[in-house]
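Every chain is numbered from 1 and lettered A, B, ... according to where its sequence line falls, protein lines coming before strand lines. What you are looking at is a predicted structure, and each value in this text was computed from that prediction instead of being measured.
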There are 2 protein chains.
Amino acid sequence: MSQHRHPGAPGRAGAVPALPDLPEATVARLPEYLRALHNLAETGHETISSEGLANAAGVNSAKLRKDLSHLGSYGTRGVGYDVGLLIDQIEYVLGLTQRRAVALVGVGNLGHALAGYDGFVSRGFRIAALLDADPARVGEEINGMTVQHVDELPRVAAEESIAIGVIATPATAAQAVADQLVAVGVTSILNFAPCVLSVPDGVDVRKVDLAIELQILSFHEHRKASLTALPTTGGSALTALPGGLAVTESQEAIGT
Amino acid sequence: MSQHRHPGAPGRAGAVPALPDLPEATVARLPEYLRALHNLAETGHETISSEGLANAAGVNSAKLRKDLSHLGSYGTRGVGYDVGLLIDQIEYVLGLTQRRAVALVGVGNLGHALAGYDGFVSRGFRIAALLDADPARVGEEINGMTVQHVDELPRVAAEESIAIGVIATPATAAQAVADQLVAVGVTSILNFAPCVLSVPDGVDVRKVDLAIELQILSFHEHRKASLTALPTTGGSALTALPGGLAVTESQEAIGT
DNA sequence: AGGCGCTTGTGAAGACGTGCACAAATCGCG
DNA sequence: CGCGATTTGTGCACGTCTTCACAAGCGCCT
Ligand SMILES: NC(=O)c1ccc[n+]([C@@H]2O[C@H](COP(=O)([O-])OP(=O)(O)OC[C@H]3O[C@@H](n4cnc5c(N)ncnc54)[C@H](O)[C@@H]3O)[C@@H](O)[C@H]2O)c1
Ligand SMILES: NC(=O)c1ccc[n+]([C@@H]2O[C@H](COP(=O)([O-])OP(=O)(O)OC[C@H]3O[C@@H](n4cnc5c(N)ncnc54)[C@H](O)[C@@H]3O)[C@@H](O)[C@H]2O)c1
């Protein structure tokens, strides 16, 4: 189908290489690689093997190589990957060559933390606006930015070019806020409110739900506990196996 | 009505249905179903069809039915699922029948927001301790809890039975904190610091990284933009990018 | 130049996840 | 009591993701 272009692609690196369509799973890992690469660059590494980078990013090296191969051939056999070049490539693919503007809606408990978070700035983004519906909050200054009323969104969107909207309002308000964001042309939303948003096609939504993460962990806790409790279900008696076999697996100290 | 048994399961009559091992993807969705079910229960629904629940949870109904079928047969053909029963089942499987104790380490910017978050309590958890390394923070009271020094962790773990540790420290401290948590017997960790943690087998780690989420969204923004720019082969003439807002084409909204 | 060790890039196979489509089960009603 | 309407539970086919294993490529050393 898609003709693989040869390593000497028509467009020079840095110009406009047509961006391949990557598997979603790969896209989700590229940011991890990018973070690991920045750490490596800071510690003076100029090249890194797939094994080393995979280690730093916490993944399997074969998977890493396959992921990177989707971007093109940017490694050197027998040597590894050029750290700087790879950073540029991944940043290009992720669209981080321009610093995207983020609008944060809902400057409450969580919103305050987000507004003061330096990871926005250090990793390719820029908070372009803080918005809230509560008149008591409007005018408050956080980290050098002033909270504006959410009704100002159309004006803000016209002035700054908002790429991404972040929703940190209560769940009851989230859908309305999402609608407002979509109305002013935002096509990417990060939602912290625990609810599903419905948006038109062409708009991407990602959600972060703390309670869901905890509940997934809870499930695994539950399972680990039940494993030690009921080893088998077969007709055979309960032979005491906790001593011997499970050395490689769980080392749990769940006692008490 | 609540004759619960299902074919082939060794479900002993009584309180301990052996918990099946669920596909990871299913486990990750159960919390979503649970949230949707609670909403439905609050709005007076006693039963719900797979279509209705799938809708409320933002998934495909076939997928939902397959997910639920892994827990056993708790639906009634021609009718749907009993909301209350399903809530109980999912909460049981997720291990939410006991309110698990959470230790929050790192009470800074983000930690404050988390400490004040009522979603912990309303969705099956209990903040058992707030810990920080900064002496200036120790003693501070947040939401009725007092911040303790992180060195108190062993004592706290002995008093309360900590099921889950949440790390909200800077990345530089995260590994050390993880080690301390593991040392006192914690086998589930939720990590907000942007770094990989290495832990022994048997310990589960989940991470939440805001910047990664934004970067994934950025990728899709980038791709949407490039799709409108080059419809076919590379010889694009000047793409007249209208001053108005571009209406993008179908792209899928999905997350996690 | 040639060989050797190291590392990438990838084909193939298998594991896993998804969604369709339909039989089986249940309810309500005449 | 039987029938049609409805909805679950699942077999199956398909797509995506992971992992293995190894040939091809590269640099270095002799
Ligand atoms: N606090 C946390 O640690 C945390 C963690 C995970 C998820 N969440 C979720 O994040 C969301 C925010 O949590 P929070 O603790 O900051 O709540 P909060 O009540 O402290 O803040 C909500 C803010 O949103 C504003 N708001 C309400 N309606 C609005 C609207 N229509 N438009 C614009 N702004 C509006 C409010 O004025 C308030 O300032 C909630 O949905 C919560 O469930 C919070
Ligand atoms: N603020 C955000 O919105 C946000 C969003 C996403 C991720 N994060 C991440 O969450 C983490 C915390 O962010 P923050 O903004 O709250 O930072 P912060 O500096 O405000 O807070 C960090 C806290 O951790 C404490 N700490 C440091 N070392 C410790 C140790 N060894 N043991 C116990 N406590 C220790 C510090 O005393 C401080 O109170 C960072 O890794 C950050 O990258 C923050």
Item checked: B:Ser188 side chain to B:Asp204 side chain, donor-acceptor N/O pair below 3.5 angstrom -> no
What is the distance, rounded to the nearest whole Å, between atom [atom1] of [X] and atom [atom2] of [N]?
X	N	atom1	atom2	result
B:Leu22	C:dG17	CG	C1'	14 Å
B:Leu68	D:dT7	CG	P	16 Å
A:Asn60	D:dC20	CG	P	6 Å
B:Leu64	C:dT18	CG	P	12 Å
A:Glu24	D:dT18	CD	C1'	16 Å
A:Lys63	C:dT10	NZ	C1'	17 Å
B:Lys66	D:dT8	NZ	P	15 Å
A:Asp21	D:dC17	CG	C1'	15 Å

Next item on the list: Kindly say whether A:Leu94 contributes a backbone atom to a donor-acceptor pair with the side chain of B:Ser218 at under 3.5 angstrom?
Entry: yes
Kindly point out which of [options] is positioned nearest to the side chain of [X]?
X	options	value
B:Ser73	D:dA21, D:dG9, C:dG19	D:dG9
B:Arg65	D:dC20, C:dG19, D:dG9	D:dG9
B:Pro23	C:dG9, C:dG17, D:dC17	C:dG17

Check: How long is the gap from CG on A:Leu190 to NZ on A:Lys207, to the nearest 0.5 Å?
Finding: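 One finds 10.5 Å between CG of A:Leu190 and NZ of A:Lys207.
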Check: In Å, rounded to the nearest 0.5 Å, how long is the span from CD1 of B:Ile90 to CZ of B:Arg29?
Finding: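 It comes to 12.0 Å.
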Checklist line | Non-hydrogen side-chain atoms of A:Val105 and A:Val166 separated by less than 4.5 Å | finding: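 A side-chain contact is absent here, since even the closest heavy-atom pair is not under 4.5 Å.
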Notebook entry, point to check: Step by step, would you call A:Tyr33 with A:Leu86 a side chain to side chain contact (heavy atoms under 4.5 Å, CB included)?
Noted result: CA-CA 9 Å; A:Tyr33 304 155; A:Leu86 204 47; over 6 Å; no
Margin query: Less than 4.0 angstrom between a side-chain N/O of A:Tyr81 and OP1 or OP2 of C:dG9, yes or no?
Written below: yes
Next item on the list: Check the pair A:Thr76, A:Asp82 against side chain to side chain contact (heavy atoms under 4.5 Å, CB included), reporting the backbone distance first and the verdict last.
Entry: CA-CA 8 Å; A:Thr76 306; A:Asp82 181 293; over 6 Å; no
Note to self: Classify A:Ala25 by what it touches in the nucleic acid, base, sugar-phosphate, or nothing, heavy-atom distance under 4.0 Å.
What the structure shows: sugar-phosphate
Next item on the list: Please figure out whether B:Gly75 or A:Thr26 has its closest DNA chain D nucleotide nearer the 5' end.
Entry: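 Between the two, 5'-proximity favours B:Gly75.
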What are the two closest heavy atoms between [X] and [Y], and how far apart are they?
X	Y	result
B:Tyr81	B:Gly75	CD2-CA, 3.4 Å
B:Leu68	B:Leu53	CD1-CD2, 4.5 Å
B:Val27	B:Pro31	O-CD, 3.0 Å

Next item on the list: Please list, by residue number, the residues of residues 45-56 of chain B whose heavy atoms come closer than 4.0 Å to an atom of DNA chain D; answer none if no residue qualifies.
Entry: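 Those residues are B:Ser49, B:Ser50.
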Item checked: Strand-adjacent residues in residues 29-39 of chain B, judged by heavy atoms under 4.0 Å from DNA chain D -> none
Margin query: Between A:Arg123 and B:Asp209, does any side-chain N to carboxylate O distance fall below 4.0 Å?
Written below: yes
Next item on the list: Given side chain to side chain donor-acceptor pair (under 3.5 Å), test B:Asn55 with B:Glu51 step by step and report yes or no.
Entry: CA-CA 6 Å; B:Asn55 228 36; B:Glu51 189 68 30; over 6 Å; no
Notebook entry, point to check: Who are the ring pair (Phe, Tyr, Trp, His ring centres under 6.0 Å) partners of A:His222, not counting sequence neighbours?
Noted result: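 Partners of A:His222 by the ring pair (Phe, Tyr, Trp, His ring centres under 6.0 Å) criterion, ordered by chain and then number, come out as B:Tyr92.
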Check: Partners of A:Ala54 by side chain to side chain contact (heavy atoms under 4.5 Å, CB included), sequence neighbours excluded?
Finding: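 Only A:Val59, A:Ser61, A:Leu64 meet the side chain to side chain contact (heavy atoms under 4.5 Å, CB included) criterion with A:Ala54.
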Next item on the list: For the helix from C:dA1-D:dT30 to C:dG30-D:dC1, figure out the bend between the end axes, five pairs an end, and round to 10 degrees.
Entry: 0°
Atom pairs, N/O to N/O, protein against nucleotides 26-30 of chain D, distance under 3.5 Å?
from	atom 1	to	atom 2	distance (Å)
D:dC26	O4'	A:Arg77	O	3.3

